[in-house]
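Worth saying up front: this structure is predicted, and the values here are computed from it rather than measured. Index from 1, following the sequence.
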Amino acid sequence: MPMDPELKAYLEDMRQGLADHAEQLNRETRAHAEQLNRETRAHAEQLNRETRILGEDLRAQIQLIAEGVTTVRDQLGQIIADHEERITQLERLRMP
């Protein structure tokens, strides 16, 4: 049975409207995704910069700690050597 021309035109208009709407939604979705990608890349670059800065600062702080430990170790070694020398001198004095 043939379709009524008015119904056929109505359905064709509806199909075209839906196709146009779908295409518009696709364009908007692509544009939104591109914007999100740009924002995400910018955010990732900022995080990378901040991470590098924090890493450099941490490296500098570790270097300072290492130098401090070395200084304390050297000072403690000298103190121990001085005490050992004093003890040896006292032992010599007490020996008949």
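Residues R49 and E56 are not paired through a salt bridge, judged by the lack of any N-O separation under 4.0 Å between the basic side chain and the carboxylate.
In this structure, CD in E6 is found 12.0 Å from CG in L11, a value given to the nearest 0.5 Å. Atom CZ of R59 and atom CG of L64 lie 13.0 Å apart (nearest 0.5 Å). Distance OG1/T71 to CG/L76: 12.5 Å, rounded to 0.5 Å. Rounding to the nearest 0.5 Å places CG of L58 at 13.5 Å from CD1 of I53. Put simply, CD on E28 and CD on Q24 are 4.0 Å apart, with the number rounded to the nearest 0.5 Å. The distance from atom OG1 of T29 to atom CG of L36, rounded to the nearest 0.5 Å, is 10.5 Å.
Under a hydrophobic-cluster definition in which Ile, Leu, Val, Met, Phe, Trp and Tyr are linked whenever side-chain heavy atoms come within less than 4.5 Å, directly or via other members, L18 and Y10 are assigned to the same cluster. Taken together through direct or relayed side-chain contacts under 4.5 Å among Ile, Leu, Val, Met, Phe, Trp and Tyr, I80 and I87 form parts of separate hydrophobic clusters.
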Can E12 and K8 be said to form a salt bridge (charged side-chain N to carboxylate O under 4.0 Å, His left out), step by step?
CA-CA 6 Å; E12 179 57 29; K8 187 175 181 179; over 6 Å; no
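With no hydrogens or angles considered, no side-chain donor-acceptor pair links Q89 and R86 at under 3.5 Å. Donor-acceptor pairing under 3.5 Å is recorded for the side chains of D82 and Q78. Defined by atom type and a distance below 3.5 Å, a donor-acceptor pair is present between the side-chain atoms of Q61 and D57.
Counting heavy atoms from C-beta on, the side chains of R73 and T70 come closer than 4.5 Å.
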